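Here the structure is laid out as structure tokens; the discussion comes afterwards.
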Amino acid sequence: MPSIESLLHRRTDLSTFVVHFTRETADGGAIDNLKAILEDRAIEARDTARPTPSPG
């Protein structure tokens, strides 16, 4: 597998930065959401225009 450095030299559409905006929700404030993202080390893709499907 190529290293990130070699990929960055070949591809101009990649970045080493991620920008993610958080907002207050019923589950907590924006800072709480940011902390949860950092603790989980994951960002989940969601479409707020469509309801979240139920599991199963």
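No experiment lies behind these values; they were computed from the predicted model shown. Residue indices begin at 1 and follow the sequence shown.
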> Taking a hydrophobic cluster as the set of Ile, Leu, Val, Met, Phe, Trp and Tyr residues connected by side-chain heavy atoms closer than 4.5 Å, whether directly or through intermediates, do I43 and L34 fall within one such cluster?
Replying inline: no
> What's the spacing between R11 CZ and S6 OG if we round to 0.5 Å?
Replying inline: 11.0 Å
> Can you tell me if D40 uses its side chain to pair, donor with acceptor, with the backbone of I37 under 3.5 Å?
Replying inline: no
> Can you tell me how far the NZ atom of K35 sits from the OG1 atom of T22, to the nearest 0.5 Å?
Replying inline: 11.0 Å
> Donor-acceptor pair, N33 side chain versus R23 backbone, under 3.5 Å?
Replying inline: yes
> Taking atom CG of L14 and atom CD1 of I4, what is their separation to the nearest 0.5 Å?
Replying inline: 6.5 Å
> Closest approach of R10 and P2, non-hydrogen atoms and distance?
Replying inline: NH2-CG, 4.3 Å
